[in-house]
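Here is the structure we will look at.
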Number of protein chains: 2
Amino acid sequence: MLHVAEAARVSVATVSALINGTATVSPELSQRIEQAIRDIGYKRNAIARSLKMGTTRTIGLTVPHITNPFFTDVVSVIQQAFDRAGYAVMLCCTDEDLNTQDDQIRLLLDRMVDGLIVARVGDGAILKGIVESANVPVVLLDRVCEGVDTDTVVLDNQRAVFDAITYLIDLGHRRIGYITGTFDISPMHDRMAGYREALQAAGLPVENELVRFGNFHEVDGYNATMQLLSLHDRPSAIFSANNPMVIGAMKAIRDIGLSCPQDISVACFDDFPWSDVFQPQLTTVSQPVQAIGEQTANLLLDRLAGNRDAPPRKLTLKGRLMIRNSCRPLGAVAQSVSA
Amino acid sequence: MLHVAEAARVSVATVSALINGTATVSPELSQRIEQAIRDIGYKRNAIARSLKMGTTRTIGLTVPHITNPFFTDVVSVIQQAFDRAGYAVMLCCTDEDLNTQDDQIRLLLDRMVDGLIVARVGDGAILKGIVESANVPVVLLDRVCEGVDTDTVVLDNQRAVFDAITYLIDLGHRRIGYITGTFDISPMHDRMAGYREALQAAGLPVENELVRFGNFHEVDGYNATMQLLSLHDRPSAIFSANNPMVIGAMKAIRDIGLSCPQDISVACFDDFPWSDVFQPQLTTVSQPVQAIGEQTANLLLDRLAGNRDAPPRKLTLKGRLMIRNSCRPLGAVAQSVSA
DNA sequence: TGACACGATCGAAACGTTTAGATTAGCGTT
DNA sequence: AACGCTAATCTAAACGTTTCGATCGTGTCA
């Protein structure tokens, strides 16, 4: 900017005024300045601007895994929304690791991001401290964090799983295997509650041997399913509480020589774009990713626009059970077995 | 830092020296400073530091779509690599739009990113100008850019498609539909060359009616396949040059009442994590995403480590044909038809 | 004609760091 | 006792902006 000012024989203040439109500058000088800008190829240094203004027009976004299609879709929507609003997005993947997450959030705050969207991981204690000491708005995505009182967008997970399990029960299933991630994040907790609630509502027992834990990855779903299928009285249906693990479940079913839905019914949380096309067409709980992404972005953009003092807002969206052909009525299975 | 200095009764220079270890500071002052840092909860302002140092420890990454599993995987690997190296990643999705891409790259450069990874879009002319005027290292990912002489990581696309089409020909297919994206990006150009080459090597004609263009999205694959299937003499196999479009192709096949591989064989570029599990199990060209991501990151990290003057390096990796069950020997098809 | 308002422009401080060079103190040498 | 050397510390400039308040013509009005 100094060079531009010199070339146009004006002060830097005038150049700044013209660029930002913060004061009127005469047509004559305007033209000289614009010419100089073109000649020199001047670009405003956003870092210096950020330092002076105290705002970076950048937000931080942390998600557990970007390869999980749910997060991929949501990240994509969020990225577009902030792009439209002239913000850049710094993306971090925490890989479901607490320390990584804390490091990354600190990194983002050091860089003076104007806001933060966090699909958190693990225990919320440190997060709570960070969020409270940071003086930027934070939106929690997908996962609530007890004790952290801030804007949040989540799904009604309990209800969604309740519906899915109830559907299986209505089909005649009585022993339903359940593969879950660890309970330290709220969706896993709430989904499990939906499982329990559905069984209890149908007067069925919640059997510990039917509930298996994994660490969200495909391999965990594989191992969990192997265990479920080697049970003495094996389940007739399996529900996976997330989407990568169901791939593992399907591999286990294949490797053990069974097939879905003939031998075992399968449903899971989170939809795939190809669910309609490949066999078996999975019955899933579909999350409104577009809405989730947009609402999350809007909550943060609203805070960034200055609405800092409004009380925390919590948005709860509804999932939708997408019934396809991966679950069979148990009557039919029983018949074919007895036949 | 000023407050810390005051609280510890030292100068800011000493605080800076201690924090960065750029000079020895006495145990006594060290302790006072560290205490003050803890008391105040001081965090170094990375923006001010960047302004002074001329480096942000941030890189920019632009990809056409983050929802394309290929880019998702690569982005994930790159993100991890830079995370380990202490860099933040600014992610931008260009949505295959040239103007969006140019805007985003300019945005990233204004923010003084230390380096750039670009999976480019459209015509490379503007990109060329931007890259040359930017004085940061740039690595081209997945797509070369004629005229832009910089580090590049690509797949041997022509060879990969040659292998895939040759495989189909060996199965007995003679009329092979080909769905491609526009040729302004090098992979589409090279893949098409592989298609031609394979046909010519087998003495088969390249028929225009069998080649359909789309804009990379699922819906384009759908439309293209609809056109191919309504041809008077319809193809016995279809190859999709990217991965979202094959989903559309499968939907078209289903909607028209055909099935794969019984009625039509299908193969495509880019693997899915679930290809092994769902039916039909797609035969695909698998890219070594881990290696691509790592090599790309390494090239840039090497430049960032100071190796600026080495000549541009171009890495070409090999794809791998994953043969599954979505392609049928044409003999068998012919028999079942004639039977 | 002098006072005044107004529009255009500029000078300089500030944002929070890093760092070159100056200063100071302590200590051994001669 | 004077000197020089080293280690520790500090002063102040610089990075590239924004912005407050000052300055300076110019035209208007009493």
Side-chain angles (χ1 to χ4, degrees), chain A residues 1-37 40-58 86 88 106-114 134-136, chain B residues 1-37 40-58 86 88 106-114 134-136:
Chain A
M1 183 179 276
L2 182 61
H3 298 117
V4 171
E6 280 168 1
R9 302 187 309 281
V10 298
S11 76
V12 290
T14 309
V15 177
S16 177
L18 177 65
I19 290 178
N20 299 307
T22 49
T24 49
V25 7
S26 69
E28 190 192 338
L29 290 203
S30 297
Q31 203 190 331
R32 287 221 306 267
I33 294 172
E34 277 160 5
Q35 184 62 47
I37 287 178
I40 296 182
Y42 167 77
K43 301 248 81 194
R44 175 166 67 191
N45 182 318
I47 295 293
R49 175 167 227 258
S50 293
L51 177 60
K52 182 66 192 173
M53 304 279 278
T55 167
T56 52
R57 287 196 86 78
T58 301
R106 263 187 266 268
L107 183 95
L108 291 168
L109 290 176
D110 287 352
R111 281 167 206 228
M112 285 180 49
V113 290
D114 291 344
N135 49 359
V136 301
Chain B
M1 183 179 273
L2 182 62
H3 298 117
V4 171
E6 280 169 359
R9 302 187 308 278
V10 299
S11 76
V12 290
T14 310
V15 177
S16 178
L18 177 65
I19 290 178
N20 299 308
T22 49
T24 50
V25 5
S26 68
E28 190 192 335
L29 290 203
S30 296
Q31 202 190 332
R32 287 222 304 267
I33 294 171
E34 277 159 5
Q35 184 63 46
I37 288 178
I40 295 181
Y42 167 77
K43 301 246 83 194
R44 176 167 66 191
N45 182 318
I47 296 292
R49 175 166 225 258
S50 293
L51 177 60
K52 182 67 192 172
M53 305 278 277
T55 168
T56 52
R57 287 198 86 77
T58 301
R106 263 187 265 268
L107 183 95
L108 291 169
L109 290 175
D110 287 352
R111 282 170 205 226
M112 286 181 48
V113 290
D114 291 344
N135 50 358
V136 300

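Computed from a predicted model, the values in this text were never measured in an experiment. Every heavy atom of this structure was used, including side-chain atoms; hydrogens, water molecules and symmetry mates were not. Below, chain A is the first sequence line, B the second, and so on; all start at residue 1.
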Checklist entry - Any idea which of D:dT19, D:dG16, C:dT19 is nearest the A:Thr22 side chain? => result D:dT19
Checklist entry - Under the 3.5 angstrom rule, does the side chain of A:Arg111 hit a backbone N or O of A:Thr56 as a donor-acceptor pair? => result no
Next on the checklist: Does a side-chain N or O of A:Asn20 approach OP1 or OP2 of D:dT18 to a distance below 4.0 Å, or not?
Outcome noted: yes
Check: protein-nucleotides 5-12 of chain D nitrogen or oxygen pairs below 3.5 Å:
residue: D:dA8; atom: OP2; partner: B:Thr24; partner atom: OG1; Å: 2.3
residue: D:dT9; atom: OP1; partner: B:Ser26; partner atom: OG; Å: 2.6
residue: D:dT9; atom: OP2; partner: B:Ser26; partner atom: N; Å: 2.6
residue: D:dT9; atom: OP2; partner: B:Ser26; partner atom: OG; Å: 3.4
residue: D:dC10; atom: OP2; partner: B:Ser11; partner atom: N; Å: 2.9
residue: D:dC10; atom: OP2; partner: B:Ser11; partner atom: OG; Å: 3.3
residue: D:dC10; atom: OP2; partner: B:Thr14; partner atom: OG1; Å: 2.5

Checklist entry - Is there a donor-acceptor contact under 3.5 Å from the side chain of A:Asp114 to the main chain of A:Arg57? => result yes
Checklist entry - DNA chain C: B:Arg49 or A:Met53, which has the more 5' nearest nucleotide? => result A:Met53
Item to check | Identified side-chain contact (heavy atoms from CB on, under 4.5 Å) counterpart of B:Ser16 within the set B:Asn20, B:Thr14, B:Val12, B:Ile19 | outcome: B:Asn20
Next on the checklist: Quick check on A:Glu6: does its CD atom have over 12 non-hydrogen neighbours (other residues, nucleotides or ligands) under 6.0 Å away?
Outcome noted: yes
Checklist entry - What's the closest nucleotide to the A:Ser16 side chain, out of D:dC15, D:dT18, D:dT17? => result D:dT18
Checklist entry - What integer distance in Å separates B:Asn45:CG from C:dA14:C1'? => result 14 Å
Checklist entry - Within this structure, what is the CZ-to-C1' distance between B:Arg57 and C:dT17, rounded to whole angstrom? => result 17 Å
Please tabulate the protein-to-nucleotide N/O contacts below 3.5 Å involving nucleotides 23-27 of chain D, giving atom names and distances.
none

Item to check | Gap between atom CG of A:Leu18 and atom CD1 of A:Ile37 - 0.5 Å precision | outcome: 6.0 Å
Item to check | Point-to-point distance, once rounded to the nearest 0.5 Å, from CE of B:Met1 to CG of B:Asn45 | outcome: 9.5 Å
Checklist outcome for this item: When rounded to whole Å, the CG to P distance for the pair B:Asp110 and D:dG16 reads 14 Å
Checklist entry - A:Met112 CE to C:dC15 P: how many Å, rounded? => result 13 Å
Item to check | d(CE, B:Met1; C1', C:dA14) in whole Å | outcome: 17 Å
Checklist entry - Should the heavy atoms of other residues, nucleotides or ligands under 6.0 Å from CD of B:Gln31 be counted, would the total exceed 12? => result no
Checklist entry - Can you check the A:Ile47 CD1 to D:dT17 C1' distance for me, whole Å? => result 11 Å
Checklist entry - CG/A:Leu51 to NZ/B:Lys52 distance, rounded to the nearest 0.5 angstrom? => result 12.0 Å
Item to check | Whole-Å distance separating the NZ atom of A:Lys52 from the C1' atom of D:dT18 | outcome: 5 Å
Checklist entry - Taking the side chain from A:Ser30 and the backbone from A:Val25, do they hold a donor-acceptor pair closer than 3.5 Å? => result yes
Item to check | Spacing between A:Arg111 atom CZ and C:dC15 atom P, to the nearest angstrom | outcome: 23 Å
